[in-house]
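Order of the sequence lines fixes the chain letters, A, B, ..., with proteins taken first and strands second; residue numbering starts at 1 for each chain. Any value given below was found using the heavy atoms of this structure, including those in side chains, with hydrogens, waters and symmetry copies removed. Fair warning: this is a prediction, and the values are worked out from it, not measured in the lab.
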Amino acid sequence: MTRKGSAVQIRSRLPSPLMHAVTGGWTVQGSGMIVRYPDGSEQEIAAKEEAVEVYRHSTAHLMALAVSELYPEAHLGIGPATSDGFYYDFQRPSPFTEEDIRKIDEKMRELIREDLPYQPMIWDKEKAVRFFAERGEELKVELIKEKAGDRLSCYRVGNLVDFCLGPHVQSTGKLGAFKLLNVAGAYWRGNENNPQLQRIYGIAFLTEEEVQAYLDRLEEARKRDHRKLGRDLDLFSVHEEAGAGLIYWHPKGALLRYEMEQFLRSEQVERGYQFVEIPHIAKSDLWRRSGHYDFFRQNMYVFEIEEDDYGIKPMNCPGHILIYRTKLHSYRDLPIRLAEFGTVYRYEKSGVLHGTLRVRGFTQDDAHIFCTPEQAYDEVLGVLDLAELVLKTFGFDRYEVDLSTWDPEHTEKYAGGAADWAHAEQALQRALEKKGYEYRRMVGEAAFYGPKIDVKLIDALGRAWQATTVQFDFNLPQRLEVHYIAPNSKPHPVIMIHRALFGSLERFIALLLEHYAGALPLWLSPVQVLVIPISERFLAPAETVALELKQVGIRARLDDRNEKMGFKIREAQLQKIPYMLVVGQKEVQEKTVSVRNRFEGDLGPRPLAAFVEEIRRHIQQRSTRP
RNA sequence: GCCAGCGUAGCUCAGUGGUAGAGCAACUGAUUCGUAAUCAGUAGGUCGUCGGUUCAAUCCCGACCGCUGGCUCCA
């Protein structure tokens with residue numbers, strides 16, 4: 001799963017919207033779970049992962065049975081296991097209330113006590129279709145018609161019969177460690193145009209302890225929620241009167257962004273990137289030519305100035321292209337790498353907004369690489385190298401890598417020709433393999449304009465969010481005539497690679513906060529050192545200490561409030577300030593400061609110069625700890 | 001956008017068809033303190049907004065705004 005020396009992790013194939021499974025604690029040989037296959041045969045499952053999946057799936061059936069008994073008017077959708085539980089979709093005229101969920105939970109436990117068997121049956125397709133049609137289970141009929149062969153399996157538990165591949169546990173008495181969590185609307189078969197069903201989510205594990213552990217972790221996750229940390233640490237705010245999905249960065253948050261930008265700016269300059277700046281709005285002429293009005297208009301904010309239509313930029317690419325196009329470029333000039341911390345605005349549906357993870361205005365650490373086809377592979381590799389440095393520097397060791405390719409069945413949906421796509425995919429794939437990353441190939445997941453590599457990071461609740469992205473673009477160079485002069489002195493279309501490493505600063509900061517539970521690495525901490533005089537009598541020497549720290553570029557603050565030291569330390573701890581320096585009688589006499597670290601507590605006194613040396617080293621090295 | 005839940009002081013949360021409370025934070029004063037909360041006092045809310053029902057609405061109903069968990073979509 002994890003390649004030696006790298007840190008790639010692929011999550012289970014059916015991700016839950018909630019958290020990952022709690023693992024560990026499984027010591028017995030074999031799972032001890034006997035499952036029943038469609039042909040009636042039984043077998044003990046050895047692997048815990050498989051056992052728990054069956055357990056969850058059977059719990060989903062149990063829930064469907066409970067629902068069908070309590071609410072006979074409810075019809076069945078699908079009910080799979082997820083990475084930490086299960087869900088089942090129901091079609092019902094009135095929504096499930098929280099009271100309904102409680103009743104369903106109770107009913108399930110009652111049915112467990114009845115120890116009802118899961119009985120497999122092999123039916124003819126015709127019989128199954130008739131059976132479900134008679135029961136009014138039209139969704140099941142649709143599924144069977146589409147998915148089943150001539151013979152198919154169904155399972156009966158109580159009065160519930162479900163079209164299902166199995167296997168299942170022997171009887172409901174084997175189940176019990178579960179909890180129903182919430183109800184959500186979910187479109188039938190994931191299509192927005194289909195009717196919306198009601199999905200009931202639950203968690204299920206092999207033991208009650210694991211269920212509890214999961215709930216505890218949910219509670220823990222709430223504490224590292226970036227929205228809470230952002231407020232508590234005074235980093236950013238969102239304002240109802242100003243609009244949803246628009247982030248206001250406070251001084252401390254802005255400082256964090258500044259540090260991140262400084263870091264990445266210098267790394268990019270070292271690697272031959274050049275920084276540009278472009279306006280935030282452009283006339284519709286540009287968006288029309290770029291194709292954004294055809295493909296992205298529903299996400300754009302448009303308005304009018306003196307009878308001309310304008311659009312706020314949803315992407316930086318056309319702007320960078322305008323700069324590239326101001327002169328003819330020889331193949332000798334390439335690659336040209338134009339970078340910008342570019343703020344873009346996109347209309348996002350209100351229901352998808354989420355803290356700073358999904359917003360309507362955000363700043364990308366964007367760059368566009370203009371190169372020749374021959375240079376593409378090296379450029380992609382260079383981007384991946386830099387991406388790895390970024391993720392490592394910020395302490396991320398858990399991420400997913402996807403290679404999104406086009407759908408070869410529907411090539412007409414895409415810009416660019418087959419040769420372009422093949423060449424680009426190969427460059428991406430070769431670079432991934434060179435880096436030794438384990439990745440998932442996502443066929444048909446490419447943008448219409450080109451294939452891409454995405455790196456996704458995981459939030460506190462286990463949800464994956466795209467950060468780094470490397471995308472080829474066959475659309476813009478063509479539409480906006482982006483060329484270079486080849487050795488044969490003819491213009492050739494340039495290869496354009498769009499890339500972002502943080503993805504967006506807003507999103508990356510959210511993930512960073514959740515990753516560190518707010519205790520940001522020293523070099524990123526808005527306040528690095530808090531100087532605490534023991535009482536007002538030592539205000540003057542403490543002030544001197546703070547001043548000396550500031551003079552050498554350390555972000556130090558003095559807590560000059562008339563409070564007890566313990567109180568100040570408590571607040572500093574809650575603010576996750578990396579170092580606290582206590583100054584009192586002893587320190588003044590001995591010409592030292594007493595150092596306290598947020599993780600290690602009191603480290604004792606030492607000369608200020610020694611402390612400065614140590615902390616500057618950590619800052620310079622961008623240590624992720626302390 | 002859709003489904004469900006929620007919106008009371010800066011924060012966390014009580015509460016009621018008869019115009020609202022606690023803790024923390026803030027402010028004032030006292031205290032001058034040795035590694036996660038010193039004590040006392042003061043002030044602070046058109047109960048998200050707008051409409052409706054009612055003699056009377058923070059509470060009941062509706063719309064809108066915003067937030068949360070999903071779905072669809074995405075950096």
Take nucleotides 33-40 of chain B nucleotide by nucleotide from the 5' end and write B, S or -, depending on whether a protein heavy atom sits under 4.0 Å from the base, only from the sugar-phosphate, or from neither.
BBBBBB--

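Contact annotation: A:Tyr201 side-chain N/O to B:rC71 OP1/OP2 distance is under 4.0 Å. OP1 or OP2 of B:rU72 has not a single side-chain nitrogen or oxygen of A:Arg199 nearer than 4.0 Å. Phosphate proximity of B:rG69 to A:His354: present, with a side-chain N or O under 4.0 Å from OP1 or OP2. Considering only side-chain N and O atoms, A:Arg463 lies under 4.0 angstrom from the phosphate OP1 or OP2 of B:rG69.
Between A:Phe96 and A:Tyr71, the ring centre distance stays below 6.0 Å.
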Decide yes or no on ring-ring contact (aromatic ring centres under 6.0 Å, His included) for A:Phe502 and A:Phe341, but give the supporting numbers first.
CA-CA 10 Å; A:Phe502 294 138; A:Phe341 291 96; 7.2 Å; no

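Atom CZ in A:Arg231 sits roughly 12 Å away from atom P in B:rA9 (whole-Å rounding). Atoms CZ (A:Arg92) and P (B:rA4) sit 12 Å apart, rounded to a whole Å. Atom CD1 in A:Ile200 sits roughly 13 Å away from atom P in B:rG5 (whole-Å rounding). Distance A:Tyr347 OH to B:rA75 C1': 17 Å, rounded to the nearest Å. Computed from coordinates, the A:Leu229 CG to B:rC11 P distance equals 16 Å when rounded to whole Å. We find that CG of A:Asp459 is positioned 14 Å from C1' of B:rG70, with the value rounded to whole Å. Rounded to a whole Å, the CG atom of A:Leu218 is 16 Å from the P atom of B:rU68. When the C1' atom of B:rU68 is taken as reference, atom CG of A:Leu181 falls 14 Å away, rounded to whole Å.
Side-chain atoms of A:Gln196 and base atoms of B:rC3 include no donor and acceptor less than 3.5 Å apart. Below the 3.5 angstrom threshold, one finds no donor paired with an acceptor across the side chain of A:Arg346 and the base of B:rC73. Donor-acceptor pairing under 3.5 Å, judged by distance alone, is absent between the side chain of A:Tyr187 and the base of B:rG70.
Stacking is not found between A:Trp465 and the pyrimidine-like six-membered ring of the B:rA75 base under the 5.5 Å centre-distance and 30° plane-angle cut-offs.
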N/O-N/O pairs, protein side and nucleotides 60-67 of chain B side, under 3.5 Å:
unit_1, atom_1, unit_2, atom_2, d
B:rC65, O2', A:Glu240, OE2, 3.3
B:rC65, O2, A:Glu240, OE2, 2.9
B:rG66, O4', A:Glu240, OE2, 3.4

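Across all strands shown, B:rG7 pairs with B:rC65; the Watson-Crick or G-U wobble distances both stay below 3.5 Å. B:rC71 is paired with B:rG1 under the criterion used here, namely a Watson-Crick or G-U wobble arrangement in which both key atom distances are under 3.5 Å. Judged by Watson-Crick or G-U wobble contacts below 3.5 Å, the nucleotide B:rA14 has no partner. Pair assignment for B:rU28: B:rA40, on the basis of Watson-Crick or G-U wobble contacts that are both within less than 3.5 Å. Pairing for B:rC47 is absent, judged as Watson-Crick or G-U wobble with the two contacts each under 3.5 Å. Pairing for B:rU54 is absent, with no Watson-Crick or G-U wobble pair whose two atom distances lie under 3.5 Å.
A cation-pi contact, defined as under 6.0 Å to the ring centre and within 45° of the axis, links A:Arg199 to A:Tyr87. Relative to the ring axis of A:Phe275, A:Arg265 places its NZ or CZ within 45° and under 6.0 Å from the centre. Remark: A:Arg56 is positioned above the aromatic ring of A:Phe205, its terminal NZ or CZ atom under 6.0 angstrom from the ring centre and at most 45 degrees off the axis.
The pair A:Lys452-A:Glu445 does not meet the salt-bridge criterion, since no charged nitrogen lies less than 4.0 angstrom from a carboxylate oxygen. Ion pairing between a basic and an acidic side chain is recognised when a charged N comes within 4.0 Å of a carboxylate O; A:Arg606 and A:Glu614 show such pairing. Using a 4.0 Å cut-off between charged side-chain N and carboxylate O, A:Glu219 and A:Arg222 make a salt bridge. Note on A:Lys103 versus A:Glu106: no salt bridge recorded, every NZ/NE/NH1/NH2 to OD/OE distance being 4.0 Å or above.
By the 30° and 60° cut-offs, the orientation of the rings of A:Phe396 relative to A:Phe508 is perpendicular. A:Tyr88 and A:Phe90 have parallel rings, their planes meeting at less than 30° on a 0 to 90° scale where 60° marks the start of perpendicular.
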